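What follows is a single structure, written as structure tokens, with notes after it.
Remember, it's a predicted structure, so these values are computed and weren't measured experimentally.
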Protein chains: 2
Amino acid sequence: MDKKEERLNQILSTTIEVLIKEGAENLSMRKIAKNANLSLSNLQYYYKDKDLLLIATVDFYFESCKKELTQAIKLLAADSTPDKKVFLEKVLSMLLIDGRSSHQTLMFQEIWTLASRNKELQNAVETYYKTYCLWMIDLVSAFCSKPEEIVSFLIPFVEGYTIVNNVIPLTKEKVIEMMVKLITILEK
Amino acid sequence: MDKKEERLNQILSTTIEVLIKEGAENLSMRKIAKNANLSLSNLQYYYKDKDLLLIATVDFYFESCKKELTQAIKLLAADSTPDKKVFLEKVLSMLLIDGRSSHQTLMFQEIWTLASRNKELQNAVETYYKTYCLWMIDLVSAFCSKPEEIVSFLIPFVEGYTIVNNVIPLTKEKVIEMMVKLITILEK
DNA sequence: ACCTGAACACCGTTCAAGT
DNA sequence: ACCTGAACACCGTTCAAGT
């Protein structure tokens with residue numbers, strides 16, 4: 001890794017840190033510069049304005065998410081018993097996260113909101129989710145028929161669950177039970 | 001409506017307008033004051049700081065959402081044919097909104113993000129969604145058994161769909177068809 | 001190519017003062 | 001009770017200048 005690459009890495013990591021800790025609202029070029037040990041003008045040499053810095057940060061973040069996802073999928077695939085029910089339960093309990101306690105969900109929420117005002121970020125988000133969809137289809141198809149239907153139903157549900165899990169009447173365990181039942185039935 | 005109430009109404013409506021048009025990121029006390037024809041200091045007389053203004057705005061917005069929801073539910077209930085399938089299709093096509101083209105989803109996204117950094121907003125969001133849940137349970141129970149399960153599965157799905165509808169493989173029509181099938185089966 | 005520092009218009013908040 | 005205006009520290013961006 002050469003010097004420039006290292007600098008960029010340092011800037012983007014710092015931006016993610018500040019973004020998670022303080023939110024997009026309280027993110028400032030000066031704060032990032034300070035935390036990354038750069039002068040404001042020097043930071044602006046690497047990223048001309050705040051928008052470009054945010055786009056680069058989101059791309060950088062999605063790359064790390066993809067790596068994590070690949071890892072998780074590998075674990076799931078390796079450890080797979082032939083039992084479909086057990087497999088589905090594992091996938092679901094991994095995906096159904098309480099959004100308020102997860103760094104990842106916090107970061108995604110910032111990204112969604114930023115993206116709603118920025119075309120380039122919207123594309124980055126769309127591209128990421130499409131990749132995510134394809135991987136899920138691939139993963140699910142090892143155990144289930146009609147993977148496209150299952151994924152079309154699983155992904156929105158999981159995304160929504162991170163937001164509203166604290167208000168729905170059923171517990172997480174009951175939700176997993178229900179989802180396994182539904183997926184099993186969906187294939188018939 | 002007395003003068004004070006009118007002033008507050010004018011301030012909160014202006015805040016919502018600016019929030020939807022420009023996002024929380026670009027919302028400023030000065031901008032709101034200007035658009036609502038007040039001096040900055042006068043706005044601060046009514047809302048001491050930005051946080052208090054945002055909390056009041058979110059409460060105000062949720063109130064209008066509740067009114068809209070009551071209206072929509074009334075329409076659904078009045079026009080109800082005895083056919084469960086038709087009823088479910090109507091509910092679903094009303095709820096499954098493309099998030100990118102809807103003012104409401106834009107506003108909710110801003111609120112979610114703001115809430116992730118503010119305890120009071122979190123409570124406001126939670127209270128709103130709990131009311132929403134109870135109304136949905138009430139609505140659904142007219143036609144279906146196991147309304148708690150159906151709502152626990154419907155609400156997260158609908159929330160998630162607004163975010164990821166553009167990346168999942170199935171079309172909206174196919175999604176509705178699938179959901180009706182699943183709900184029907186869930187009751188058995 | 002990489003980095004600096006001053007200047008500008010804008011921001012939220014505070015405060016002392018008016019009616 | 002309602003409203004004003006000045007002051008403060010902070011913000012993003014621009015720009016002319018250094019190595």
What residues from residues 48-55 of chain A pass a heavy-atom cutoff of under 4.0 Å to DNA chain D?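 Within this stretch, A:D49, A:K50 sit under 4.0 Å of the strand.
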Describe the nucleic acid contact of A:I32 in one word from base, sugar-phosphate, nothing, applying a heavy-atom distance below 4.0 Å.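 It contacts nothing in the nucleic acid.
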Base, sugar-phosphate or nothing for A:L38? Non-hydrogen atoms, less than 4.0 Å.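 A:L38: no heavy atom of the nucleic acid under 4.0 Å.
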For C:dG5, what is the paired nucleotide under Watson-Crick or G-U wobble rules, both distances under 3.5 Å?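 Base partner found: D:dC15.
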Residue matched to C:dC10 through Watson-Crick or wobble contacts both under 3.5 angstrom: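 Pairing partner: none.
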Residue whose closest nucleotide on DNA chain D lies nearer the 5' end, A:N26 versus B:S41: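 The 5'-side residue here is B:S41.
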Please determine which of B:L182, B:V175, B:L92, B:L95 meets the side-chain contact (heavy atoms from CB on, under 4.5 Å) test together with B:F157.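 Of all the options given, the one that passes is B:V175.
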Counting C-beta onward and ignoring hydrogens, is there a side-chain heavy-atom pair between [X] and [Y] closer than 4.5 Å?
X: B:I168; Y: A:V151; value: no
X: B:F143; Y: B:V86; value: no
X: B:Y47; Y: B:L12; value: yes

Using ring centroids (six-membered ring only for Trp), state whether A:F153 and B:F153 fall under 6.0 Å.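 So the answer is yes for these two rings.
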Below 6.0 angstrom between ring centroids: does that apply to B:F108 and B:F62?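 So the answer is yes for these two rings.
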Taking 5' to 3' order, which nucleotide of DNA chain C is first and which is last to have an atom within less than 4.0 Å of a heavy atom in chain A?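 The contacted stretch runs from C:dA1 to C:dG5.
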Where do A:V91 and A:M136 come nearest, in terms of heavy atoms and distance?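 Here A:V91 and A:M136 meet closest at CG1-CE, 4.5 Å.
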Heavy-atom closest pair, residues A:L43 and A:I11: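 Minimum heavy-atom separation between A:L43 and A:I11: CD1-CG2, 3.7 Å.
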For nucleotides C:dA17 and D:dC2, find the distance between their P atoms and express it as a whole number of Å.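 Nearest-Å result for C:dA17 against D:dC2 at atom P: 22 Å.
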